[in-house]
Structures are given as C-alpha cells and as structure tokens.
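Remember, predicted model here, so these are calculated numbers, not experimental data. In each ligand, atom 1 is the first atom listed, and ligand 1 is the first ligand listed.
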Amino acid sequence: MNESEFIAALRTLPLHPGAQDLRDDTAILAIGGETLVLTHDAIAEGVHYRPGTDPFDVAWKLVATNLSDLAAKGAEPVGLLVGAVLVDGAERFVEGLRAILTEYDVPLLGGDTISVSPATFGCTAIGRATVTPVPRRDGARPGDGLWITGPVGAAMLGFETGQGSAYLRPRPRLTDGQALAGHVTAMMDVSDGLLLDASRMAEASGCTADITLAKVPVAAGADPLRAVTWGDDYELLFAAPDGFEPPVPAARIGGMIAAGKAPLLLDGQVPGIALGYQHR
Ligand SMILES: Nc1ncnc2c1ncn2[C@@H]1O[C@H](COP(=O)(O)OP(=O)(O)O)[C@@H](O)[C@H]1O
Ligand SMILES: Cc1ncc(C[n+]2csc(CCOP(=O)(O)OP(=O)(O)O)c2C)c(N)n1
Ligand SMILES: [Mg+2]
C-alpha cells in the first residue's frame with residue numbers, strides 16, 4: 001500500500017465532518033463562536049532530514065511544516081503538541097523549539113517523549129481561523145488563475161548542496177495565508193512538489209490545472225523541471241478568480257480549466273514524469 005492507498009482505506013473509518021473526508025491539509029472544528037484548524041505532521045530521520053542533522057534544525061523544520069498547513073488555511077496559531085524523541089543533543093532540540101515558538105509567537109501546549117531509533121518526531125498544531133469559511137483545496141473553478149507565493153527548488157538545492165536555509169529552516173507563510181484567505185477559491189501549501197500538489201487541488205476541485213513552466217518562479221541554479229516536482233518548499237499555492245490582484249507577492253503560474261484527460265497539464269501536455277514526492 002502506498003500513501004494514497006492507505007489514506008483511501010482510512011476513509012472507510014468513521015470520519016468527523018471536520019475531517020473533510022481526509023481530502024484537505026487540516027481538519028476544521030467549529031466550537032461555539034470559534035473555528036479551530038487542526039493539523040498533524042511527522043518528520044523522520046533519513047526521510048525528512050539526514051542523519052546527523054543538528055536537532056535545532058529538526059525542531060524548527062518539524063514546527064515549520066505544521067505551521068505551514070495552518071498558513072494555507074489563513075489560521076492564526078494557538079498552540080502546539082510535540083511528540084519528541086530523546087536524541088543525542090536533545091538540548092539543541094529544545095533550543096530549536098524555543099527559536100521557532102518565539103519567532104511565530106506560538107506557545108507549547110504539551111506533548112510526549114519517548115526513546116527510539118531512528119528518530120521520528122510528531123507535531124499537532126492548533127490554529128484559529130481568521131477568515132470563515134476557511135479556504136479549502138476543492139473550491140477552485142475553471143477560469144480561476146493559479147498562483148504561488150514564492151519560488152520552488154530552494155529546498156532541493158539546500159538538500160543537495162548543504163547551503164542556504166530553505167531545506168532545514170523553511171518559513172511558514174502565516175501572514176501571507178491570512179492576507180489571502182478571504183479572497184482565494186482554494187489554497188494549500190506546497191510540500192510534496194508543486195505539480196503533485198496542484199494536481200491534488202485540481203482533482204479535488206473537479207478541474208484541470210494548466211501550468212506554464214516558464215512562469216513558475218524557480219530558485220537560482222535549480223533545474224526547473226526537478227524544482228517543480230521535488231517538494232519541501234512550503235510556499236502557498238492558491239486559485240483566485242481571473243483579474244485578482246494578490247495583496248502579497250505572488251506569481252501567476254497558470255490557471256484552472258475544465259476537467260480534461262488529466263488533473264494537470266504542464267505546457268499543455270500531460271507530464272510523463274512523477275509529479276512529486278509520495279511515501280511508499
Ligand atoms: N494516519 C492518518 N490518520 C488519519 N488521517 C490521516 C492519516 N494520514 C493522513 N491523514 C489525512 O489525510 C489527508 C492528507 O494527508 P497529507 O497528504 O499528509 O496532508 P498534508 O500534505 O497537508 O500534510 C489529511 O486530511 C490528513 O489528515
Ligand atoms: C533526507 C531527505 N530525503 C529526501 C527528502 C525529500 N522529501 C522527503 S518528504 C518530502 C515531502 C514532504 O513530506 P510529507 O511527509 O509528505 O509532508 P506532508 O505532505 O504530509 O506535509 C520531501 C520533498 C528530504 N526532505 N530529506
Ligand atoms: Mg501530512
């Protein structure tokens with residue numbers, strides 16, 4: 001079973017309406033007058049970061065990837081639960097947590113600690129919606145423009161060269177997400193690769209995403225075709241009605257068209273390559 005087959009099997013379980021059929025980045029829980037946004041992501045040694053990585057960076061990346069899912073829903077972080085492993089240099093993990101909690105003004109709610117090797121860390125992030133209805137993956141319509149808040153490929157370059165902060169210290173686009181949430185028809189973060197994430201948005205929305213490679217902002221020095229499929233970039237991908245002028249820096253990379261032979265076209269063709277990263 002691969003990741004999508006497993007999630008499909010989970011859909012046969014009793015699901016809360018806020019789970020949105022496990023087809024979105026977060027769950028949405030309306031309680032009283034508030035709408036909570038909930039997400040959980042794990043990172044593991046050897047899968048998401050190289051063995052030997054400074055635990056400071058592991059803590060940062062763990063929290064950043066979770067806050068990125070809140071950003072995609074325009075949510076404001078309320079607090080975090082952290083599932084930690086007692087690794088060598090665990091004090092550096094605490095310092096990394098301190099750095100990102102301070103940077104994004106998010107307090108810790110609790111968590112759990114175990115000892116296991118190789119290490120796998122988990123994080124549950126809880127946010128408060130700043131805009132309702134919360135933007136979803138499935139609201140894009142044919143005719144919408146498709147946009148991204150920044151370049152792809154910087155994390156891939158960072159992974160391959162060991163240079164730069166994009167791979168280990170991604171910056172969740174929380175303020176951008178809040179500024180966009182009231183205007184977009186669909187929004188999600190780009191974690192698994194732009195082409196795969198765009199195809200998921202298109203599929204959920206019953207459209208085809210039509211992307212022009214030359215319009216995609218790519219980090220200097222990165223091969224464009226690899227950059228749009230590698231992932232780990234954490235920019236926001238959003239759809240908005242034609243003519244929309246984004247309130248934050250963003251590049252229009254294409255548009256949504258009526259559903260065609262595939263959920264994604266690159267330069268008018270169905271790409272003959274893997275669209276992104278999938279766990280097997
Ligand atoms: N083990 C699991 N149990 C319950 N739901 C899961 C599990 N794994 C993934 N999901 C759900 O499947 C959907 C897709 O997950 P994922 O691709 O990891 O989202 P994201 O890329 O935004 O982190 C989400 O709704 C997520 O909550
Ligand atoms: C050591 C290492 N090898 C390969 C990669 C590439 N990689 C691993 S997971 C991933 C995508 C994001 O991870 P996932 O767990 O799918 O996050 P989610 O979509 O659930 O937010 C990428 C690009 C990496 N980041 N680090
Ligand atoms: Mg996930």
Ring geometry between His279 and His48 (parallel below 30°, tilted from 30 to 60°, perpendicular above 60°):
tilted
Using 30° and 60° as the class boundaries, would you call the ring planes of Phe244 and Phe238 parallel, tilted or perpendicular?
perpendicular
At a 4.0 Å threshold, what atoms of ligand 2 neighbour a non-hydrogen atom of Ser191?
11 (C), 12 (C), 18 (P), 19 (O), 21 (O)
Would Ala42 count as being in polar contact with ligand 2, using the rule that some N or O on each side must be under 3.5 angstrom apart?
no
Does the side chain of Leu146 reach to within under 4.5 Å of the side chain of Met201, using non-hydrogen atoms?
yes
Under 4.0 Å from a heavy atom of Asp41: which atoms of ligand 1 are those, numbered in the order shown and with their elements?
23 (O)
Nearest atoms (heavy-atom pairs only) where Ala19 meets Ala27:
CA-CB, 4.4 Å
Please determine whether any non-hydrogen atom of Arg200 lies less than 4.0 Å from an atom of ligand 1.
no
Which option, Asp24, Leu10, Leu15, Leu38, owns the non-hydrogen atom nearest atom 3 (N) of ligand 1?
Leu10
For ligand 2, which atoms have a heavy atom of Gly231 less than 4.0 angstrom away?
23 (C)
One finds that the ligand 2 atoms under 4.0 Å from a non-hydrogen atom of Tyr49 are 1 (C), 26 (N)
Which of the numbered atoms in ligand 1 are under 4.0 angstrom from any heavy atom belonging to Ser191?
21 (O)
Sequence neighbours excluded, the answer for ring pair (Phe, Tyr, Trp, His ring centres under 6.0 Å) partners of Tyr104 is none
Is Tyr167 in polar range of ligand 2, meaning some N or O pair under 3.5 Å apart?
yes
Options Arg23, Glu3, His40, Arg137, ranked by nearest heavy atom to atom 19 (O) of ligand 1, top entry
Arg137
The atoms of ligand 2 lying under 4.0 Å from a heavy atom of Phe159, numbered in the order shown, are 1 (C), 2 (C), 3 (N), 26 (N)
Does a donor on one side chain sit under 3.5 Å from an acceptor on the other, for Thr149 and Asp176?
no
Of all heavy-atom pairs linking Ile43 and Leu62, the shortest is CD1-N, 3.6 Å
Steps toward side-chain hydrogen bond (donor to acceptor under 3.5 Å, both in side chains) verdict (Thr65, Asp41):
CA-CA 7 Å; Thr65 56; Asp41 264 306; 5.3 Å; no
With a 4.0 Å cut-off on heavy atoms, does His279 reach ligand 2?
yes
Mode of Ile7 contact toward ligand 1 - side chain, backbone, both, neither (heavy atoms, under 4.0 Å):
side chain
Return yes or no for this condition: an N or O of His48 is under 3.5 Å from an N or O of ligand 2.
yes
Residue pair Asp232 / Lys61: nearest heavy atoms and the distance that separates them:
OD2-NZ, 2.9 Å
Are any of the N/O atoms in Asp189 less than 3.5 Å from those in ligand 1?
no
Numbered atoms and elements of ligand 1 in range of Asp25, under 4.0 angstrom, heavy atoms:
22 (O)
With backbone taken as N, CA, C and O and side chain as the heavy atoms from C-beta onward, which portion of Ala19 lies under 4.0 Å from ligand 1: side chain, backbone, both, or neither?
neither
Are any of the N/O atoms in Asp192 less than 3.5 Å from those in ligand 2?
yes
Determine whether the side chain, the backbone, both or neither of Asp41 has a heavy atom under 4.0 Å from any heavy atom of ligand 2.
side chain
Heavy-atom gap Val47 to ligand 2 smaller than 4.0 Å
yes
Show the atoms of ligand 1 that are less than 4.0 angstrom away from any heavy atom in Asp69.
22 (O), 23 (O)
Hey, does Arg169 have a side-chain heavy atom less than 4.5 Å from the side chain of Phe56?
yes
Let me check something: any side-chain donor-acceptor pairs from residues 210-217 under 3.5 Å, sequence neighbours excluded? List them with distances.
none

Distance (rounded to the nearest 0.5 Å) between Arg98 CZ and Phe93 CZ
12.5 Å
Taking the side chain from Glu34 and the backbone from Ile31, do they hold a donor-acceptor pair closer than 3.5 Å?
no
For ligand 2, find out whether one of its N or O atoms is nearer than 3.5 Å to an N or O atom of Arg50.
no
Would you say Tyr277 has any N or O atom under 3.5 Å from an N or O of ligand 2, going by distance alone?
no
Roughly how far apart are Asp21 CG and Ile7 CD1, rounded to 0.5 Å?
11.5 Å
